[in-house]
Amino acid sequence: MAERMSGEIERLYEVFGRVPRPLKVEGCAHCVDPDEDRPLLDGPVRGLSADVLRRYATEALILWGGVPEFRYFLPRLLELAAENEFDWPDPEIVFSKLGSGGWTEWPDPERAAVRAFLTRWWETKVDDEDAWPDIGAVLCSLGLTGIDLVPFLGRWGRLDSTGAIRNLHEFVTTGVTWRTSRPELGNPFWEKETASYRDVIAWLTDGRALTAVERTFLAESREEMLMLLDETHSALTGGRYLG
């Protein structure tokens with residue numbers, strides 16, 4: 001994935017490389033040891049490993065450091081989280097800190113670099129037949145940043161690749177609970193009162209996802225893809241198959 005996102009990753013390092021290196025990353029006196037920040041500031045950001053950044057990635061903006069420090073480490077944090085290099089924290093936790101840090105209010109070049117990275121990450125994952133983290137985790141991670149998900153869902157709705165078809169099938173059959181009056185997204189990191197959550201539910205229920213599946217079914221000839229589309233259609237309609 002890194003090769004396919006190299007331009008967006010380089011832009012993050014270029015733009016956020018202008019953020020001053022902190023002299024110290026202060027943490028909660030009861031939770032973070034006084035010298036625990038030393039490994040974080042030992043060498044260039046790009047050289048920091050997942051092991052070194054793991055604790056900070058978990059506690060940033062909560063118990064350890066503020067927005068200026070977070071912006072300094074951001075390129076490496078996003079790069080590692082997008083590659084799922086942390087065994088903990090999950091990508092959803094790392095990406096949610098963009099929302100907590102108010103990235104949409106940052107300087108224009110920073111906002112543009114973050115938006116380009118998020119967009120490219122989605123484009124890469126939505127077409128990936130073996131996406132990891134899985135597409136549901138990626139979608140939730142994006143939603144937690146506060147970015148408008150409508151264009152991302154529209155991109156998925158093109159269903160113009162095998163990966164996009166497989167990912168939608170997996171998402172609607174395993175990542176959504178349909179046994180209620182209104183479907184619920186299964187990823188526990190979702191915040192149900194957010195616009196992002198509502199946008200995904202709307203996309204699944206107002207006909208946009210269904211139209212995409214029916215359109216793709218009519219244009220498809222591969223038996224396996226037809227089966228996946230049929231099962232996706234059944235999930236979206238509560239049991240009605242296309243075939």
Show the numbers, then the answer: is there a side chain to side chain contact (heavy atoms under 4.5 Å, CB included) between Met5 and Trp121?
-> CA-CA 7 Å; Met5 294 187 61; Trp121 188 42; 3.7 Å; yes
Taking Glu191 for the side chain and Glu193 for the main chain, is one N or O donor matched with an acceptor at less than 3.5 Å?
-> no
Return the minimal non-hydrogen interatomic distance between Ala57 and Phe86, and the atom names on each side.
-> CB-CZ, 4.0 Å
Should the pair Glu184-Lys192 be classified as a salt bridge under the 4.0 Å nitrogen-to-oxygen rule?
-> yes
Is there a donor-acceptor contact under 3.5 Å from the side chain of Lys24 to the main chain of Asp35?
-> no
Can Val176 be reached from Leu159 by stepping across I, L, V, M, F, W or Y side chains whose heavy atoms are under 4.5 Å apart?
-> yes
Flag yes if more than 12 heavy atoms outside Asp33 fall under 6.0 Å of its CG atom; otherwise flag no.
-> yes
Mind listing the closest non-hydrogen atom pair of Ala60 and Phe70 along with its distance?
-> CB-CD1, 4.3 Å
Look up atom CD1 in Ile9 and atom CZ in Arg46, then write down how far apart they are to the nearest 0.5 Å.
-> 7.5 Å
When you look at Glu69 and Leu40, which way does the side chain to side chain contact (heavy atoms under 4.5 Å, CB included) test go after all the steps?
-> CA-CA 10 Å; Glu69 294 84 6; Leu40 298 174; over 6 Å; no
Rounded to the nearest 0.5 Å, how far does SG of Cys140 lie from CD1 of Ile135?
-> 12.0 Å
Can you find a pair of side-chain heavy atoms, one from Asp148 and one from Asp199, that are under 4.5 Å apart?
-> yes
Non-hydrogen side-chain atoms of Val32 and Val25 separated by less than 4.5 Å = no
Show your working on side chain to side chain contact (heavy atoms under 4.5 Å, CB included) between Val114 and Phe16 and close with a plain yes or no.
-> CA-CA 10 Å; Val114 170; Phe16 287 92; 3.9 Å; yes
Within a strict 4.5 Å, meaning less than it, do heavy atoms of the Pro68 and Val19 side chains meet?
-> no
Answer yes or no: is there a side-chain heavy-atom contact under 4.5 Å between Leu77 and Tyr72?
-> no
Return yes if some donor-acceptor pair links the side-chain N/O of Arg120 with the main-chain N/O of Glu8 below 3.5 Å, else return no.
-> no
When rounded to the nearest 0.5 angstrom, what distance separates CG in Leu48 from CG in Leu80?
-> 8.5 Å
Val138 vs Phe152 side-chain heavy atoms within contact, under 4.5 Å | no
State whether the side chain of Thr145 and the backbone N or O of Leu142 hold a donor-acceptor pair below 3.5 Å, judged by distance alone.
-> yes
How far apart are the closest heavy atoms of Ser196 and Gly143, and which atoms are they?
-> OG-O, 3.1 Å
Quick one: do Leu210 and Val126 end up in the same hydrophobic cluster if we chain Ile, Leu, Val, Met, Phe, Trp and Tyr together by side-chain heavy atoms under 4.5 Å apart?
-> yes
Please examine the side chains of Leu53 and Tyr56, heavy atoms only from C-beta on, and report whether any two atoms are closer than 4.5 Å.
-> yes
Leu218 atom CG, over 12 foreign heavy atoms within 6.0 Å = yes
Please test Phe189 against Phe95 for side chain to side chain contact (heavy atoms under 4.5 Å, CB included), starting from the C-alpha separation and ending with a verdict.
-> CA-CA 11 Å; Phe189 289 106; Phe95 281 90; over 6 Å; no
Considering only NZ, NE, NH1 and NH2 on the basic side and carboxylate oxygens on the acidic side, decide whether Asp87 and Arg54 come within less than 4.0 Å.
-> yes
Check whether any side-chain N or O of Asn167 sits under 3.5 Å from a backbone N or O of Asp128 as a donor-acceptor pair, and report yes or no.
-> yes
Shortest non-hydrogen contact between Val200 and Leu149, atoms and distance | CG2-CD1, 3.8 Å
Looking at side-chain heavy atoms only, is the closest gap between Glu110 and Leu74 below 4.5 Å?
-> no
Of all residues at least two apart in sequence or in a different chain, which pass the side-chain contact (heavy atoms from CB on, under 4.5 Å) check with Arg215?
-> Ala212
Minimal non-hydrogen separation, Tyr197 against Pro183, with atom names = OH-O, 4.3 Å
Are Phe117 and Val67 linked, directly or through other ILVMFWY residues, by side chains that come within less than 4.5 angstrom of each other?
-> yes
In terms of side-chain geometry, is the basic nitrogen of Asp127 or Arg155 positioned less than 4.0 Å from the acidic oxygen of its partner?
-> yes
Distance only, no hydrogens: is a donor on one side chain within 3.5 Å (strictly under) of an acceptor on the other, for Tyr13 and Glu79?
-> yes
So does Arg111 have more than 12 non-hydrogen atoms from other groups sitting under 6.0 Å from CZ?
-> yes
Going from CG on Leu229 to OG1 on Thr216, what distance comes out if it is rounded to the nearest 0.5 angstrom?
-> 6.0 Å
Side chain proximity check, Arg222 to Thr162, heavy atoms < 4.5 angstrom | yes
Looking at residues at least two apart in the chain, or sitting in another chain, which of them share a side-chain contact (heavy atoms from CB on, under 4.5 Å) with Ala137?
-> Glu92, Pro133, Asp134, Asn187
Spacing of Trp190 atom CH2 and Ile201 atom CD1 [to the nearest 0.5 Å] | 8.5 Å
Got a donor-acceptor contact below 3.5 angstrom from the Ser96 side chain to the Ile93 backbone?
-> yes
Leu153 reachable from Leu168 in the ILVMFWY side-chain graph, under 4.5 Å edges = yes
Counterpart residues, ring-ring contact (aromatic ring centres under 6.0 Å, His included), relative to Phe171 (two or more places apart) | Trp156
Linking I/L/V/M/F/W/Y whenever any side-chain heavy atoms sit under 4.5 Å apart, do Leu61 and Trp64 land together?
-> yes
Atom pair OG1 (Thr232) and CZ (Arg166), whose distance is rounded to the nearest 0.5 Å = 11.0 Å
Distance-minimising heavy-atom pair for Val172 and Trp178 = O-NE1, 2.7 Å
